[in-house]
Amino acid sequence: PINVKRTLHHAEKVRIAKAAAALIKDGETVILDSGTTTAELAKQIRKLEVHSINVITNALNIAALLADVPAVRLIMPGGILRPESNSLSGHMAEAALANLQADRLFLGADGLDPDRGVMTPHLPEAQLNAKMIEISRQVIVVADSSKLMRRNISLIARVEQLHVLITDTGANPDVVAELQRRGVEVRLA
């Protein structure tokens with residue numbers, strides 16, 4: 001459950017979120033996938049000195065964090081609630097994204113294997129994430145190092161679809177090197 005996950009590797013998630021927030025520019029449209037690291041990113045967005053950004057999210061907790069931020073135009077795609085992750089997914093959510101475009105997607109991950117890609121245990125979320133990738137110019141995975149080399153049942157994206165991974169300094173150097181070899185820019189926070 002999300003209330004347990006948010007306590008795991010918390011310091012790393014905060015550092016990753018700060019590094020991710022530094023990439024957001026005034027006037028951009030960003031997507032924040034559900035997850036505890038992206039929730040930390042939402043907290044950092046609250047502190048950004050921007051005039052206006054659009055934030056698309058499928059996560060209720062992230063929406064609640066950003067709902068009262070004057071510089072944020074919040075867009076929620078709707079869908080069916082998955083209480084364990086506080087996220088909305090399903091065909092309604094996918095359809096809502098069909099006519100949108102984003103500059104950056106900040107994608108959480110339950111697992112990232114350099115040979116396979118980014119994974120999650122929930123198929124409807126994987127399908128929604130695939131749609132998020134499709135409408136985004138840049139895909140940035142935000143995941144602490146405990147997620148590296150972990151596999152799960154549903155593939156969200158192949159490694160070749162990713163542009164940047166922001167993780168912590170505890171990342172296995174061999175995994176980092178393999179991701180870089182496959183074209184992913186890896187930033188250690």
Query - Ile45 reachable from Val142 in the ILVMFWY side-chain graph, under 4.5 Å edges - result: yes

**Report entry** Chi angles and distances behind the side-chain contact (heavy atoms from CB on, under 4.5 Å) call for Asn58, Met132
**Finding:** CA-CA 10 Å; Asn58 63 319; Met132 290 173 173; 3.5 Å; yes

Throw together a table of side-chain donor-acceptor distances under 3.5 angstrom for residues 97-106, partners on residues two or more places apart or in other chains.
from: Asp103; atom 1: OD1; to: Arg137; atom 2: NH1; distance (Å): 2.7
from: Asp103; atom 1: OD2; to: Thr29; atom 2: N; distance (Å): 2.8
from: Arg104; atom 1: NE; to: Leu23; atom 2: O; distance (Å): 3.1
from: Arg104; atom 1: NE; to: Glu28; atom 2: OE1; distance (Å): 3.0
from: Arg104; atom 1: NE; to: Glu28; atom 2: OE2; distance (Å): 3.4
from: Arg104; atom 1: NH1; to: Gln138; atom 2: OE1; distance (Å): 2.4
from: Arg104; atom 1: NH2; to: Leu23; atom 2: O; distance (Å): 3.2
from: Arg104; atom 1: NH2; to: Glu28; atom 2: OE2; distance (Å): 2.9

Requested in this report: Inspect the surroundings of CZ in Arg46 and state if more than 12 heavy atoms from other residues, nucleotides or ligands are less than 6.0 Å away.
Outcome: yes

Query raised in the report: Does the side-chain contact (heavy atoms from CB on, under 4.5 Å) test come out yes or no for Ser89 and His122, once each step is laid out?
Result: CA-CA 10 Å; Ser89 60; His122 196 249; 4.0 Å; yes

Query raised in the report: Under a 4.5 Å side-chain heavy-atom rule over Ile, Leu, Val, Met, Phe, Trp and Tyr, are Ile16 and Val118 clustered together?
Result: no

Query raised in the report: Do Ile153 and Leu123 share a hydrophobic cluster (ILVMFWY, side-chain heavy atoms under 4.5 Å, transitive)?
Result: no

Report task. Only counting residues at least two apart or in another chain, list the ones meeting salt bridge (Lys or Arg N to Asp or Glu O under 4.0 Å) with Arg151. Result -> Asp113

Query raised in the report: What heavy-atom pair brings Ile133 and Ala157 nearest, and what distance separates the two atoms?
Result: CD1-CB, 3.4 Å

Query - Considering all heavy atoms, the nearest Ala126-Thr120 contact - result: CB-CG2, 3.6 Å

Query raised in the report: Between Ala39 and Asn61, what is the shortest heavy-atom contact and its length?
Result: CB-ND2, 3.8 Å

Query raised in the report: Taking 4.0 angstrom as the limit, do Asp115 and Arg182 come out as a salt bridge?
Result: yes

Requested in this report: Please name all residues satisfying side chain to side chain contact (heavy atoms under 4.5 Å, CB included) with Asn152, sequence neighbours left out, ordered by chain then number.
Outcome: Asp110, Met119, Pro121

**Report entry** Results of side chain to side chain contact (heavy atoms under 4.5 Å, CB included) for Thr167 - residues two or more places apart only
**Finding:** Ser145, Leu148, Leu165, Ala171, Val186, Leu188

**Report entry** Sequence-distant partners of Pro114, side chain to side chain contact (heavy atoms under 4.5 Å, CB included), two or more places apart
**Finding:** Met149, Val175, Glu178, Leu179

Query raised in the report: Any side-chain heavy-atom pair from Thr57 and Thr38 closer than 4.5 angstrom?
Result: no

Query raised in the report: With sequence neighbours left out, what residues match Ala17 under side chain to side chain contact (heavy atoms under 4.5 Å, CB included)?
Result: Glu40, Leu41, Gln44

**Report entry** Heavy-atom closest pair, residues Gly117 and Val159
**Finding:** CA-CG2, 3.7 Å

Query - Electrostatic pair Glu12-Arg15, nearest N-O below 4.0 angstrom - result: no

Report summary line: Smallest heavy-atom separation, Leu48 atom then Ala21 atom, equals CD2-O, 3.8 Å

